[in-house]
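The next block holds one structure in the form of structure tokens; read it before the comments.
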Amino acid sequence: MAFGEHPLWGTAHIIRADAHAHDVRRDCHRLHRGVYIEPGTDLSPVDVIRAAAMRAGPGAIVAGTSAAVLHGAKFVDTGGEVELIRDLSGHGRTRNDVHIVRTDGLEPEMIDVVDGIAVTSPIRTAYDLGRRTPAWMALGRLDALAAATDLHLGQLWSYVRDHPRTKGIRQMRELVPLIDPFAESPGESWLRWVMIQGKLPKPETQIEVLGPRGELLARFDLGYRRYKVGIDYDGVEFHTSPADRAHDRRRDLAVRNRGWEPIRVDSATLSPHPDAVIRTITDALVIRGYRPSEEKRRPN
């Protein structure tokens, strides 16, 4: 997208060449010093990040959840705050929903340019996000970033290994092997993390169950082909209406007729009762031949 197609311009960084500073200050809404928006313009998340980067000026690097958004990650909640990295001259601060971190630890090769905006690379973005708590939320963000980019897990592991004393690095080391670009929602990532923390085997993701004529009957979010146990995380937006529930019942009956045991989990159960979720899944696996002691002895 060319600069002229963006809704933003400013006195220091003119995007619309026909807009003069005096006219902008008179007719437009001020977002940041030197950055304005035309009345009635709806800003996308990328526009909000662009405006903050424009205000910060040359040398500012978009980072953290904001970087994940620029890289195209879905389901990443920035919390309404834009994250930027600058060099050590000056103070770190948060103002007007813009959080600036001062550091000299950002290597040049860890900086990309997306849509004309300097941003941390996928590896550096993953490194920053994966060290933040809580771990289940960090995993969801890492999954979303991996799905949107060519994040190379081997290179990420090398980068993590080269920074052994950084805050949160132990959590990062635990999460790297769990990253799955096929996760389709933060809820799925959360459930997968709870299952692994509950000592269950690492589940597969997006398991398709076919009918007798090869037609697709269902696709489970998570599950175990060996034991024919499929698990879905039911989000509020897709599984609460009467029509949705009727569809889910028909689907569950169809996969049971193919020998599968479907299990549904929602946030109302997972959040207060994760142990109950683990017991339900474990019981279904054990009935179908799973033995935790044998699983521990099986080589990777």
Side-chain angles (χ1 to χ4, degrees), residues 45 49 61-85 92 94 97 99 101 103 105-106 110 112 119-206 221-222 231 233 235 265-267 270-272 274-275 277-278:
I49 294 168
I61 313 297
V62 176
T65 55
S66 302
V69 169
L70 288 187
H71 284 300
K74 299 179 180 179
F75 315 117
V76 175
D77 183 7
T78 65
E81 184 176 274
V82 177
E83 300 181 57
L84 302 173
I85 292 177
T94 299
D97 294 326
H99 178 59
V101 175
T103 181
L106 185 59
M110 289 294 112
D112 288 349
V119 57
T120 52
S121 69
I123 286 177
R124 176 62 194 224
T125 303
Y127 170 78
D128 290 338
L129 295 179
R131 293 180 292 117
R132 300 179 182 182
T133 57
W136 63 266
M137 184 178 293
L139 180 59
R141 289 168 171 171
L142 291 171
D143 286 347
L145 183 65
T149 68
D150 58 353
L151 180 65
H152 191 288
L153 298 187
Q155 293 176 3
L156 175 59
W157 182 256
S158 296
Y159 192 77
V160 170
R161 184 191 58 204
D162 292 342
H163 297 75
R165 301 184 184 278
T166 312
K167 181 180 178 181
I169 202 67
R170 180 177 179 180
Q171 174 179 288
M172 184 76 240
R173 288 197 295 264
E174 293 173 351
L175 292 181
V176 171
L178 306 183
I179 296 173
D180 191 326
F182 297 106
E184 294 187 343
S185 74
E188 292 179 29
S189 302
W190 176 24
L191 175 56
R192 192 172 84 254
W193 182 83
V194 168
M195 291 168 63
I196 293 170
Q197 292 298 112
K199 309 303 181 185
L200 287 170
K202 184 179 178 181
E204 298 177 61
T205 53
Q206 311 309 324
D221 298 333
L222 306 164
I231 304 115
Y233 179 84
V265 180
D266 57 26
S267 61
L270 186 59
S271 182
D275 292 342
V277 172
I278 295 301

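Side chains are part of it too, since the values below use all heavy atoms of this structure and drop only hydrogens, waters and symmetry mates.
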Exercise. So which pairs with a foot in residues 146-170 pass salt bridge (charged side-chain N to carboxylate O under 4.0 Å, His left out), sequence neighbours left out?
Worked result: Arg170-Glu174

Note, [X] side chain near [Y] side chain (heavy atom, < 4.5 Å):
X      : Y      : value
Pro203 : Ile196 : yes
Asp112 : Pro122 : yes
Leu106 : Ile61  : yes

For this session: With sequence neighbours excluded, tell me which residues meet side chain to side chain contact (heavy atoms under 4.5 Å, CB included) with Pro134.
Result: Trp136, Met137

Exercise. Can you list the residues that meet the side chain to side chain contact (heavy atoms under 4.5 Å, CB included) rule with Gln197, with sequence neighbours excluded?
Worked result: Trp193

Exercise. Can you list the residues that meet the salt bridge (charged side-chain N to carboxylate O under 4.0 Å, His left out) rule with Arg173, with sequence neighbours excluded?
Worked result: none

Exercise. Can you list the residues that meet the salt bridge (charged side-chain N to carboxylate O under 4.0 Å, His left out) rule with Glu188, with sequence neighbours excluded?
Worked result: none

Exercise. Got a sec, which residues hit ring pair (Phe, Tyr, Trp, His ring centres under 6.0 Å) with His163, two or more places apart in sequence or on another chain?
Worked result: Tyr127, Tyr159

In a table with atom names and distances, give each donor-acceptor pair under 3.5 Å that connects a side chain of residues 138-149 to protein atoms at least two apart or in another chain.
| residue | atom | partner | partner atom | Å |
| --- | --- | --- | --- | --- |
| Asp143 | OD1 | Asp180 | N | 2.8 |
| Asp143 | OD1 | Arg192 | NH2 | 3.1 |
| Asp143 | OD2 | Ser189 | OG | 2.6 |
| Asp143 | OD2 | Arg192 | NH1 | 3.1 |
| Asp143 | OD2 | Arg192 | NH2 | 2.9 |
| Thr149 | OG1 | Leu145 | O | 2.9 |
| Thr149 | OG1 | Leu151 | N | 3.2 |

Locate the shortest heavy-atom distance separating [X] from [Y]; write the atom from each residue and the value.
X      : Y      : answer
Leu129 : Gly64  : CD2-C, 3.6 Å
Leu270 : Val265 : CB-CG1, 4.0 Å
Leu191 : Tyr233 : CD2-CB, 4.2 Å

For this session: Can you tell me which residue pairs pass the side-chain hydrogen bond (donor to acceptor under 3.5 Å, both in side chains) test with a partner in residues 61-73, sequence neighbours excluded?
Result: Thr65-Glu83

Problem set entry | Distance, nearest 0.5 Å, that separates CG of Leu222 from CD of Glu204 | 10.0 Å

Exercise. Going from OG on Ser267 to CH2 on Trp190, what distance comes out if it is rounded to the nearest 0.5 angstrom?
Worked result: 5.5 Å

Name all residues meeting the side chain to side chain donor-acceptor pair (under 3.5 Å) criterion together with [X]; count only those two or more places apart in sequence or in a different chain, and write none if there are none.
X      : answer
Thr120 : Thr125
Asp128 : Arg124, Arg131
Asp266 : Thr269
Glu184 : Arg219

Problem set entry | Steps toward side-chain contact (heavy atoms from CB on, under 4.5 Å) verdict (Met195, Ile231) | CA-CA 11 Å; Met195 291 168 63; Ile231 304 115; 3.9 Å; yes

Problem set entry | Step-by-step side-chain contact (heavy atoms from CB on, under 4.5 Å) determination, Ile179 to Leu156 | CA-CA 11 Å; Ile179 296 173; Leu156 175 59; 3.9 Å; yes

